[in-house]
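Report on the structure given below.
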Amino acid sequence: MGGSVDSVASSMYSNGSVHNSNGVEERLDELRRLMGKADGDLLKIVGVGAGAWGCVFAAMLQDSYGYLREKVQIRIWRRPGRSVDRATAEHLFEVINSREDVLRRLIRRCAYLKYVEARLGDRTLYADEILRDGFCLNMIDTPLCPLKVVTNLQEAVWDADIVINGLPSTETREVFEEISRYWKERITVPIIISLSKGIEAALESVPHIVTPTQMINRATGVPMENILYLGGPNIASEIYNKEYANARICGAEKWRKPLARFLRQPHFIVWDNSDLVTHEVMGGLKNVYAIGAGMVAALTNESATSKSVYFAHCTSEMIFITHLLAEEPEKLAGPLLADTYVTLLKGRNAWYGQMLAKGELSLDMGDSIQGKGMIQGVSAVGAFYELLSQSSLSIFHPEENKPVAPVELCPILKTLYKILITRELPSQALLQALRDENMNDPRDRIEIAQSHAFYRPSLLGQP
């Protein structure tokens, strides 16, 4: 098998601090026992996909457990061949020289000279190459610890015990279908933790949502009890810089509770929950409305009043949609609003909406943006619109006194679809929709949802 792996330098110092081993080895030993690992048999963890959150997740594990080399191996896979442009190389050089700890680390590793040459235009750097030194292409301003990088997918996953899905939802199915070919002769069943926030709409037969964990299950045959979702209101760079954060790991009790203990750190609190698919869908839903929030902010010169009007309408639509998707939607209100709030403040989807409205990006540039990665809200807009447009899901509209498709009660979602997907409206149309004098009070939409039996378990593929 081909591919390349780079070893990590001294693991005593990963991102400038000495490891705190208080309870760390005990948590690792607990997970090893549960997975049937004998002494001398490495617990092999691999991240698949090297976006900001996938890289930070792998780096946090490396920081915590990487020094226990005889018990655990932590690696990350990314595709080879992605070059770093000159402007990014110049910025990376500035970042390196602004951080004495990073500068000294590169000099110790005899890796500094290549960044000088790239700064001068005498050399081309590659994304997998700089990731070995701790630089994620989508998050240059936040240096990570050095990582073991594998560029051959088969080499990365064939004997992995735990696989972290850090891929966008739009790439998850394709990559895990390839992975399934390498697992045909496996005896043990791996654990998969998906970080992906996004959905697809399946419209054949009974219209329903397909989430990344379901894509993985169908592509690989790994049972759902071994597939978990981890998400929460967080920004990757801030978590790595040890800003306090929390997340939920959702899935079967057999694995979610020990994994929550394994992943927990003093600054990163991990709770556990049984409701996997609903939390996963909510992670995709907030990206839809984050794009619109960015547009409103740009179009109104950051008007607090306009943003609050938008927030009232978008949260009422999200509450309405959660009543379709969840039997007890009130339990999701806190996590969904928290995740939405942080995404509106600093997420890439809100940033994307701002750049579109300002004209600094265009839809023709696609939804994979250099330095940011995949903007998953775009595909989520299409999926939610297509799903909620189905006449088979019609609900009774009390004012019009007739059944309508759910999307008819979601004017922001409809407008975003016409801006981002069919491209028949400009970004300014979102403001016009908000200012439409016929727009209902957001409270009315919530009352409609709360006063009618809207729950459609079929939307999540449930009987």
Side-chain angles (χ1 to χ4, degrees), residues 168-173 196-203 207-212 215 231 278 280-299 307 310-311 313-322 324-325 336 339-340 343-344 347-358 361-369 372-390 393 405-434 436 439 442 445 459-460:
S169 59
T170 48
E171 297 178 20
T172 293
R173 176 182 285 105
S196 183
K197 295 180 178 179
I199 69 159
E200 290 182 357
L203 304 179
H208 63 281
I209 286 169
V210 181
T211 67
M215 296 176 200
T278 309
E280 199 175 9
V281 171
M282 295 304 104
L285 180 60
K286 54 89 181 177
N287 286 334
V288 168
Y289 293 96
I291 294 178
M295 291 179 177
V296 170
L299 293 169
K307 288 192 288 187
Y310 176 82
F311 191 71
H313 283 287
C314 81
T315 51
S316 73
E317 287 191 18
M318 287 192 289
I319 290 168
F320 175 78
I321 292 170
T322 58
L324 290 167
L325 298 173
L336 176 57
D339 208 355
T340 302
T343 304
L344 300 191
R348 77 182 78 172
N349 288 278
W351 171 88
Y352 180 73
Q354 283 187 310
M355 294 300 103
L356 283 178
K358 290 178 179 178
L361 291 177
S362 74
L363 291 170
D364 292 334
M365 298 169 72
D367 50 9
S368 181
I369 306 299
K372 289 290 182 179
M374 181 63 68
I375 309 300
Q376 298 200 79
V378 177
S379 61
V381 167
F384 276 108
Y385 179 89
E386 291 168 6
L387 191 70
L388 299 180
S389 297
Q390 300 303 303
L393 299 173
V407 77
E408 295 303 321
L409 286 160
C410 301
I412 293 177
L413 176 60
K414 286 180 65 176
T415 305
L416 287 171
Y417 182 82
K418 292 177 180 179
I419 294 170
L420 297 169
I421 307 301
T422 62
R423 305 186 185 185
E424 58 190 279
L425 294 176
S427 299
Q428 290 79 2
L430 189 58
L431 282 187
Q432 294 169 10
L434 287 177
D436 184 347
M439 175 81 88
R445 189 177 297 108
L459 282 171
L460 298 184

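Position 1 is the first residue of the sequence, and the numbers go up from there. Side chains included, hydrogens not; waters and symmetry mates left out as well; all remaining heavy atoms used.
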> Say you draw a straight line from CG of Leu299 to CG of Leu431; how long is it, rounded to the nearest 0.5 Å?
Replying inline: 4.5 Å
>> Checking Arg423 against Lys418 for the side chain to side chain contact (heavy atoms under 4.5 Å, CB included) test, could you report, in this order, the C-alpha distance in whole Å, the side-chain angles of both residues, the deciding distance, and whether it holds?
In response: CA-CA 5 Å; Arg423 305 186 185 185; Lys418 292 177 180 179; over 6 Å; no
> Roughly how far apart are Ile291 CD1 and Ile375 CD1, rounded to 0.5 Å?
Replying inline: 7.5 Å
> So, do Thr422 and Tyr385 sit near enough that their side-chain heavy atoms are less than 4.5 Å apart?
Replying inline: no
> Yes or no on side chain to side chain contact (heavy atoms under 4.5 Å, CB included) for Val281 and Thr322, after CA distance, side-chain angles and deciding distance?
Replying inline: CA-CA 9 Å; Val281 171; Thr322 58; over 6 Å; no
> Does a side-chain heavy-atom distance below 4.5 Å link Ile421 with Val378?
Replying inline: yes
>> Which heavy atom of Leu356 sits nearest to which heavy atom of Leu361, and what is that distance?
In response: CD2-O, 3.6 Å
> For the residue pair Ala290 and Thr343, what are the closest heavy atoms and their distance?
Replying inline: CB-CG2, 3.4 Å
>> Quick check: closest heavy atoms across Pro212 and Ser196, and the distance to 0.1 Å?
In response: CG-OG, 3.5 Å
>> Pairing donors with acceptors under 3.5 angstrom, does anything connect the side chains of Ser169 and Gln376?
In response: yes
>> Please report the interatomic distance OG1(Thr211) to NZ(Lys197), rounded to the nearest 0.5 Å.
In response: 14.0 Å
> Shortest non-hydrogen contact from Leu413 to Val381?
Replying inline: CD1-O, 4.0 Å
> With distance as the sole test, does Arg445 use its side chain to make a donor-acceptor pair with the main-chain N or O of Leu409 at under 3.5 Å?
Replying inline: yes
>> Looking at Gly377, is its backbone amide N or carbonyl O close enough to the side chain of Asn349 to form a donor-acceptor pair, meaning the two atoms are under 3.5 Å apart?
In response: yes
> For Leu344 and Ala350, which heavy atoms make the closest approach, and how far apart are they?
Replying inline: O-CB, 3.8 Å
>> Between the side chains of Asp367 and Arg348, is the shortest nitrogen-to-carboxylate-oxygen separation below 4.0 Å, so that they form an ion pair?
In response: no
> Taking all atoms of both residues into account, what is the closest heavy-atom pair of Cys410 and Phe320, and its distance?
Replying inline: SG-CD2, 3.7 Å
> Can you tell if the side chain of Leu324 reaches within under 4.5 Å of the side chain of Pro406, non-hydrogen atoms only?
Replying inline: yes
> Going from CD1 on Ile199 to OG1 on Thr170, what distance comes out if it is rounded to the nearest 0.5 angstrom?
Replying inline: 12.5 Å
>> Let me confirm one number: the CD-CG distance from Glu280 to Leu460, rounded to the nearest 0.5 Å.
In response: 10.0 Å
>> Does Ile412 form a side chain to side chain contact (heavy atoms under 4.5 Å, CB included) with Leu434? I'd like the steps, not just the answer.
In response: CA-CA 8 Å; Ile412 293 177; Leu434 287 177; 4.2 Å; yes
> What distance separates Glu200 CD from His208 NE2, expressed to the nearest 0.5 Å?
Replying inline: 10.0 Å
>> Are Thr172 and Met215 packed together at the side-chain level, in the sense that at least one heavy-atom pair is separated by less than 4.5 angstrom?
In response: yes
> Is there a donor-acceptor pair closer than 3.5 Å between any side-chain N or O of Gln390 and the backbone N or O of Glu386?
Replying inline: yes
> Heavy atoms, side chains only, cut-off 4.5 Å: are Tyr289 and Thr340 in contact?
Replying inline: no
>> What I'd like to find out is whether the side chain of Leu416 reaches to under 4.5 Å of the side chain of Met295, using heavy atoms alone.
In response: yes
> Considering only heavy atoms from C-beta outward, does the side chain of Met282 approach that of Asp339 to under 4.5 Å?
Replying inline: no
>> Assess the residue pair Leu363 and Met365 against the criterion (side chain to side chain contact (heavy atoms under 4.5 Å, CB included)); give the C-alpha distance rounded to whole Å, side-chain angles, the decisive distance to 0.1 Å, and a yes or no.
In response: CA-CA 5 Å; Leu363 291 170; Met365 298 169 72; over 6 Å; no
> Does the side chain of Phe384 come within less than 4.5 Å of Tyr417's, by heavy atoms?
Replying inline: no
